[in-house]
2 protein chains.
Amino acid sequence: MAVGVIRPGGRTARVRAAVLQAAGDALVEHGFDRLDLADVARRAEVGKTTVYRRWGTTARLVADLLTDMAEQSLPRADTGSLIGDLRANARLVQRTLVDSRQGALFRAVIVAATCDPRTAEALHRFYAVRIAEWVPCVEQAVRRGELPSGTDAAEVVRAVSAPLYYRLLVSGDPIDRATADRAAEAAAAAAHAGVYTPTSSPN
Amino acid sequence: MAVGVIRPGGRTARVRAAVLQAAGDALVEHGFDRLDLADVARRAEVGKTTVYRRWGTTARLVADLLTDMAEQSLPRADTGSLIGDLRANARLVQRTLVDSRQGALFRAVIVAATCDPRTAEALHRFYAVRIAEWVPCVEQAVRRGELPSGTDAAEVVRAVSAPLYYRLLVSGDPIDRATADRAAEAAAAAAHAGVYTPTSSPN
DNA sequence: TCACTAAAGGTACTGCAGTTCCGTTAAGAC
DNA sequence: GTCTTAACGGAACTGCAGTACCTTTAGTGA
């Protein structure tokens, strides 16, 4: 066998899957600050040396978890109207952040990103993928004439999520369905008013 | 002297001030994850035992730092128009988050809040104070007839900050002045459309 | 099926964050 | 001033996260 050949098949992949699963569980239970690689190894029934060798730090393990999460993207909605699509997106984000497992996981992952540049990059890629998935909703609305042409679609999608993440991380206010709907309506209203077109600057 | 008397004067206050200053410096330099109480003690020229005894953990030290920060609130603007006031607020937040010291400090403090419930409470109080400071801008706009009566003023103020914090913590997109202005305009447009009135649900 | 070696596993070690213990300093009541 | 004790300080200790080193397992080309 040739020297330096990478072996992704079988065991290696199995170990990665087990460790990422265990890492997710540990993050949900203790949060990122109490994440211990030896504990992850125990849960994954894998040698702790392996975890330290392949990932090195908790932040880089989370970065790998994120690239894994980015691959399982959820499909966007297509309700036929902008507000319907944005509301569907807002409610999806709301449900995710409120869910005890997913919410804890997202919080942990965002914290991890502030500790390591590579993890931050993985997080930004993850959200770039998620946002790109919903961009067509806004582009369709522009084509239907619901929104001014030149509207920055990605910015509209970001505007829907922003108030929900703000509550999760900053203000601590509850994230209920009404909040989600308001976030969708606010983004739609601002887009209608032409706030997200590059040229205009109303008032 | 009576038993159990608290001694806040002189030394105790001096130690607290020195430690909080040192904690801020350390947070800006290393971030919350690499915050070491022994290092803080060294910077503050204070015994490390003292820091461990009075604060115990890094998260609780940050909580104390936050209550200290909440006391030095910045005055709100009064430009005479809603969009003027909101833009002033957005630009203030933008400058704060972009500033290398303040930005790092806010990031660290938000991370710390995810690690300890008491720190989270301190963070939420801090933002409650900051938001309350700007609420009158929106209330004045309602009185001037710029916005529908019944508008949730605090929600409008939160809506201005949300996109900026979303970029800081989640998407990683740059936070420039144009972003700040757009955040202010979006909040104003949504408020105009009646999104932040409890009864209505446009569309 | 065999030979080669990438990758995993086990165990003993080390450094340092966090604790304990006890002596010292100074705030504040009288 | 003087006495009490809250609060600080130094130094030795401990437990565990992270490392080093060597052995074992199993993926893959021939």
Side-chain angles (χ1 to χ4, degrees), chain A residues 1-23 25-27 29-64 68 108 111-112 115-116 118-119, chain B residues 1-23 25-27 29-64 68 108 111-112 115-116 118-119:
Chain A
M1 185 182 175
V3 181
V5 168
I6 300 159
R7 296 178 182 176
R11 189 165 57 160
T12 301
R14 224 156 40 232
V15 165
R16 176 166 181 255
V19 169
L20 292 186
Q21 174 69 42
D25 294 347
L27 279 178
E29 272 185 46
H30 311 306
F32 176 71
D33 57 309
R34 302 211 197 296
L35 185 64
D36 173 20
L37 294 189
D39 175 51
V40 171
R42 235 173 290 126
R43 288 165 185 261
E45 294 179 306
V46 150
K48 95 171 177 174
T49 319
T50 302
V51 178
Y52 276 103
R53 192 184 11 237
R54 280 189 65 176
W55 290 279
T57 65
T58 53
R60 269 196 263 163
L61 175 57
V62 172
D64 198 26
D68 192 65
V111 166
C115 302
D116 176 74
R118 263 182 282 187
T119 311
Chain B
M1 187 180 172
V3 182
V5 169
I6 301 158
R7 296 177 181 177
R11 190 167 55 161
T12 301
R14 224 158 39 233
V15 165
R16 176 166 182 257
V19 169
L20 292 186
Q21 173 70 41
D25 294 347
L27 280 177
E29 273 183 45
H30 311 307
F32 177 70
D33 57 308
R34 301 212 197 297
L35 185 63
D36 172 21
L37 293 189
D39 175 50
V40 171
R42 235 174 289 124
R43 288 166 186 260
E45 294 181 305
V46 150
K48 98 171 173 171
T49 318
T50 301
V51 177
Y52 275 103
R53 190 180 13 225
R54 280 188 64 176
W55 290 279
T57 66
T58 52
R60 269 196 263 163
L61 175 57
V62 171
D64 198 27
D68 193 66
V111 167
C115 303
D116 176 74
R118 263 182 282 188
T119 311

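Computed from a predicted model, the values in this text were never measured in an experiment. Quick note on labels: first sequence line is chain A, next is B, and so on, each numbered from 1. Below, each value reflects all heavy atoms present in this structure, side chains not excepted, and no hydrogens, waters or symmetry copies.
- Of the side-chain N and O atoms in A/Tyr52, one or more sit less than 4.0 angstrom from OP1 or OP2 of D/dG18.
- One atom, CZ of B/Arg42, and another, C1' of C/dG18, lie 13 Å apart when rounded to the nearest Å.
- The separation between A/Trp55 atom CH2 and C/dA8 atom C1' is 11 Å, rounded to whole Å.
- Atom-to-atom distance recorded for B/Arg54:CZ and B/Thr12:OG1 is 5.5 Å, nearest 0.5 angstrom.
- The distance from the CG atom of B/Leu20 to the CG atom of B/Asp64 is 5.0 Å, given to the nearest 0.5 Å.
- Counting all heavy atoms, side chain and backbone alike, B/Phe32 lies closest to B/Leu27 at CA-CD2, 3.6 Å.
- Here the C1' atom of nucleotide C/dA8 and the CZ atom of A/Arg16 are 17 Å apart, to the nearest Å.
- As a whole-Å value, the separation of A/Leu37 CG from D/dT19 C1' is 12 Å.
- As rounded to whole Å, 16 Å separates atom P of D/dC8 from atom CD of B/Glu45.
- Within the structure, every side-chain polar atom (N or O) of A/Arg53 is placed at least 4.0 Å from both OP1 and OP2 of C/dA7.
- Side chain of B/Thr119 to main chain of B/Ala59: a donor-acceptor pair is present (N/O by atom type, distance under 3.5 Å, no hydrogens or angles).
- Closest to the side chain of A/Arg14, from the set D/dA7, C/dA8, D/dG27, is D/dG27.
- With hydrogens and angles ignored, a donor-acceptor pair closer than 3.5 Å exists between the side chain of A/Lys48 and the base of D/dG18.
- Between A/Arg54 atom CZ and C/dA7 atom P the separation is 8 Å, expressed in whole Å.
- Look at CZ on A/Arg34: it is 12 Å from P on D/dA17, rounded to the nearest Å.
- Side-chain atoms of A/Thr49 and base atoms of C/dG10 include a donor and an acceptor less than 3.5 Å apart.
- In this structure, A/Asp36 places its CG atom 17 Å from P of D/dG15, rounding to the nearest Å.
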